[in-house]
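Note that the structure is predicted; figures quoted are calculated from it, not measured.
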Amino acid sequence: MKKSALIQSDIQKKWIEKFEGIRETFEQRAHDNDINARFPYENIDWLIKEGYTKMTLPKAYGGEGATVMDLVVLQDYLGSIDGATALSIGWHVGLIGELFEKRHWDPNLLDEVAELTKQGALMNRAVSEAETGSPTRGGKPGTHAVKTDDGYMLNGVKTFTSMSKRLTHFIVGAYVEALNTVGFFMVPKDFEGVSIADNWNMVGMRATESHDLILEDVKVPERYFVEVKGDGPKGQYGWLLHIPSSYLGIAQAARDYAVDFAKTYSPNSIEGVIGDIPTVQQNIGVMETKLMSARHFLYSTAEAYQYLGPDDDIRNETAASKVVVMNNGIDVVDMAMRIVGAKSLEMERPLQRYYRDIRAGLHNPPMEDMAYTNIAKSVLS
């Protein structure tokens with residue numbers, strides 16, 4: 001089945017047409033942004049201007065009402081153009097979709113978030129810390145929220161804050177001493193005491209500029225204490241599928257590059273092109289099969305999410321989708337590099353960036369070992 005056959009909704013068709021119109025520009029920027037660890041400001045500004053950042057906002061609030069399936073297809077497509085741009089913006093659009101599906105926040109605050117989003121605001125959760133690692137492992141955050149007369153005072157440092165310099169609002173996880181639990185606070189970037197460390201220097205996803213967020217005596221009003229961890233409706237895991245979708249796009253880009261190379265590269269040691277060689281054809285066949293398997297698993301999970309009943313739970317499928325996409329995607333990029341050979345390591349070619357960027361997905365939630373453990377526990381119970 002061709003990938004185009006999986007594109008169904010008007011929202012998907014509209015945005016894919018827009019992405020194709022900007023593809024060459026985004027691809028040209030990707031190399032320099034990666035080398036310089038520079039955030040793709042121009043790309044994000046274009047996405048805001050065109051309305052992508054309000055795509056998952058419900059129509060009743062002035063958005064497009066995009067579904068999880070729409071999100072998965074479009075993030076996959078955008079990831080094939082520029083993985084760092086896709087992963088960065090995915091955190092925002094996924095968060096907006098989740099918030100308005102849960103509707104766990106105060107209605108007035110949701111109205112405020114909707115208006116901010118329509119005005120171009122960008123939001124992301126800030127939950128990871130150096131001392132605790134991934135929040136999915138359950139460590140108590142070192143960031144503290146102390147009750148004051150009119151709100152809370154926050155102190156702490158958050159790591160892996162993607163889009164850090166371009167975000168307008170941070171959804172910060174902190175230990176609330178007065179309640180002896182973890183809570184979340186919406187913190188605008190212009191609040192006094194909020195700063196960015198400028199310390200992102202990673203091998204992969206360099207252009208996401210996921211610097212540390214520093215909070216020093218940040219005063220947050222009571223109404224921005226938005227939720228308590230574990231409260232509210234459960235099961236909005238589908239919106240996290242934006243993560244594997246972006247990495248699947250990177251694997252697709254590697255596959256496309258390798259196939260084009262195999263169809264055109266003709267060393268003088270052979271007649272024809274290397275795509276005529278049986279071993280190369282075998283590698284392409286395996287690569288294509290892994291890519292199709294990952295895409296069908298991911299897309300079927302997203303589609304199933306649309307039809308969940310009140311007692312349904314597809315946490316296992318959601319977690320497994322991420323694991324399958326990452327493992328298959330890494331294999332696809334590796335095989336693409338084997339097909340291209342030593343030339344794949346040339347800095348001028350994008351394959352070396354795909355190789356570095358896709359491995360970053362191993363460390364996005366859910367982690368592979370946690371996914372397998374939770375799946376096993378659900379089966380055993």
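Counting only N and O atoms by type, the side chains of N43 and T85 include a donor and acceptor under 3.5 Å apart. D357 and Y247 share no side-chain donor-acceptor pair at under 3.5 Å. Between the side chains of N283 and R338, not a single donor N or O lies within less than 3.5 Å of an accepting N or O. With hydrogens and angles left out, the side-chain atoms of E129 and T143 include a donor and acceptor closer than 3.5 Å.
Between L47 and D45 the shortest side-chain heavy-atom distance does not fall below 4.5 Å.
Through side-chain heavy atoms spaced under 4.5 Å, either directly or across other Ile, Leu, Val, Met, Phe, Trp or Tyr residues, I35 is tied to M347. Grouping Ile, Leu, Val, Met, Phe, Trp and Tyr residues whose side-chain heavy atoms lie under 4.5 Å apart, directly or via other members, places F297 in a hydrophobic cluster with V324. Taking Ile, Leu, Val, Met, Phe, Trp and Tyr as members and joining any whose side-chain heavy atoms lie under 4.5 Å apart, directly or through other members, the hydrophobic cluster of Y372 also contains V323.
Here the side chain of D70 pairs a donor or acceptor atom with the backbone of T67 at under 3.5 angstrom.
Applying the ring pair (Phe, Tyr, Trp, His ring centres under 6.0 Å) test to Y41 and every residue at least two apart in sequence or in another chain returns F39. Partners of K14 by side-chain hydrogen bond (donor to acceptor under 3.5 Å, both in side chains), not counting sequence neighbours, listed by chain and number: E64. With sequence neighbours excluded, no residue forms a ring pair (Phe, Tyr, Trp, His ring centres under 6.0 Å) with Y257. F26 pairs by the ring pair (Phe, Tyr, Trp, His ring centres under 6.0 Å) definition with W46, not counting sequence neighbours. In terms of the ring pair (Phe, Tyr, Trp, His ring centres under 6.0 Å) criterion, residue partners of H144 (sequence neighbours excluded) are, by chain and number, Y175. For Y224, the side-chain hydrogen bond (donor to acceptor under 3.5 Å, both in side chains) partners at least two apart in sequence or on another chain are E112.
The stretch residues 319-328 participates, sequence neighbours left out, in these side-chain hydrogen bond (donor to acceptor under 3.5 Å, both in side chains) pairs: T301-S321. Residue pairs meeting the ring-ring contact (aromatic ring centres under 6.0 Å, His included) criterion with at least one member in residues 267-286, sequence neighbours excluded, do not occur. Every pair passing ring-ring contact (aromatic ring centres under 6.0 Å, His included) that includes a residue from residues 92-121 is listed here, sequence neighbours excluded: Y61-F100.
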